[in-house]
Amino acid sequence: SQTIHQWPATLVQPVGSPLSLECTVEGTSNPNLYWYRQAAGRGLQLLFYSVGIGQISSEVPQNLSASRPQDRQFILSSKKLLLSDSGFYLCAWKGGTWGTQYFGPGTRLLVL
Amino acid sequence: AQKVTQAQTEISVVEKEDVTLDCVYETRDTTYYLFWYKQPPSGELVFLIRRNSFDEQNEISGRYSWNFQKSTSSFNFTITASQVVDSAVYFCALSAAGDSSYKLIFGSGTRLLVRP
């Protein structure tokens, strides 16, 4: 069966520091991968998606970037965090032909 | 443009009551997918159901049921005999089949509180 991991689970970072969040999927190959952000008490916003290694599409211009160095690894990064980067970051993968996305446990990021 | 509207921000019910969560969507695509996800306090989004636009059959799964009506662009979710464990935020989402990214457009979510 497929599983999706995210780490770290929680992160507190000062403004201006770098960021690296990692997402890995097991049990599937060549999945579509997604990064979403959920601000406190808000809905989910798609940040990036990837249909293959090295292929990244950005949905929202921002302070963040994404990379996919391996088939089942998706990384969210920032060189300098802003207060507005605080939120809950969810990684998801899509398998099959019907478009169902399955989500990881998420990373709570607090920028102080 | 695609859009999902969940007009109910928060619903509070007493255990064993039935509750319906509303979802209205907008899309120009003829083929699309609709989803419901549950987000418990732990934060992880749990997939509940997917419905394809060409399949208007309603579905029942235990205490959960879904009513899909293309005529009104609605995909409502009913919980029968609600339980405290049903307390969570529920999101409705839309994906267009013609979009190779299969990205999800989410509604703003409905927070359900089931009181004992």
Side-chain angles (χ1 to χ4, degrees), chain A residues 1-11 21 23 30-52 55-60 66 68 74 86-110, chain B residues 1-10 21 23-25 27 29 31-55 59 66 75 88-113:
Chain A
S1 63
Q2 300 86 6
T3 56
I4 179 168
H5 305 279
Q6 287 186 245
W7 62 86
T10 306
L11 193 58
L21 302 182
C23 170
N30 198 33
N32 279 18
L33 296 173
Y34 307 83
W35 278 112
Y36 291 86
R37 177 170 62 198
Q38 184 177 30
R42 305 283 294 276
L44 291 100
Q45 180 186 41
L46 178 64
L47 301 176
F48 301 93
Y49 69 90
S50 171
V51 299
Q55 301 179 61
I56 306 297
S57 296
S58 175
E59 288 293 301
V60 181
R68 185 170 176 175
F74 204 23
S86 293
F88 188 49
Y89 289 82
L90 287 155
C91 180
W93 71 275
K94 183 198 82 68
T97 57
W98 298 117
T100 299
Q101 292 184 24
Y102 299 93
F103 287 80
T107 295
R108 297 193 184 278
L109 172 66
L110 178 59
Chain B
Q2 299 180 89
K3 185 179 179 182
V4 176
T5 301
Q6 294 180 255
Q8 303 153 308
T9 303
E10 187 166 324
L21 310 181
C23 174
V24 174
Y25 62 92
T27 181
D29 295 278
T31 303
Y32 50 89
Y33 309 113
L34 295 165
F35 305 82
W36 276 97
Y37 287 87
K38 175 182 180 180
Q39 187 177 40
S42 62
E44 182 174 351
L45 258 70
V46 178
F47 166 70
L48 296 178
I49 190 171
R50 181 199 69 243
R51 177 59 69 214
N52 306 327
S53 57
F54 46 83
D55 180 5
E59 184 156 338
W66 291 269
F75 185 42
V89 180
Y90 291 87
F91 290 96
C92 180
L94 167 70
S95 175
D99 182 349
S100 61
S101 73
Y102 290 96
K103 60 189 177 189
L104 292 173
I105 306 300
F106 283 90
S108 55
T110 296
R111 182 178 299 278
L112 173 64
L113 176 63

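Letters go in sequence order (proteins before strands), and every chain restarts at 1. These numbers come from a predicted model, not from an experiment.
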If I take atom CD from residue Q2(B) and atom CG from residue D29(B), how far apart are they, to the nearest 0.5 angstrom? 5.0 Å
With a 4.5 angstrom heavy-atom cut-off, is it the side chain or the backbone of L44(A) that approaches chain B, or both, or neither? both
Per-residue tally against chain A (heavy atom, under 4.5 Å) across I105(B), N52(B), V89(B) peaks at N52(B)
Tell me, for Q39(B) versus chain A, whether the close heavy atoms (under 4.5 Å) come from the side chain, the backbone, both or neither. side chain
How are the rings of Y37(B) and F103(A) set relative to one another: parallel (under 30°), tilted (30 to 60°) or perpendicular (over 60°)? perpendicular
May I ask you to test the F91(B)-Q38(A) pair for a side-chain heavy-atom distance under 4.5 Å? yes
For chain A, which of S95(B), A93(B), S101(B), S42(B) has the most heavy-atom pairs under 4.5 Å? S101(B)
Give the C-alpha distance, both sets of side-chain angles, the deciding distance and a yes or no for side chain to side chain contact (heavy atoms under 4.5 Å, CB included) between L47(A) and Y89(A). CA-CA 10 Å; L47(A) 301 176; Y89(A) 289 82; 3.7 Å; yes
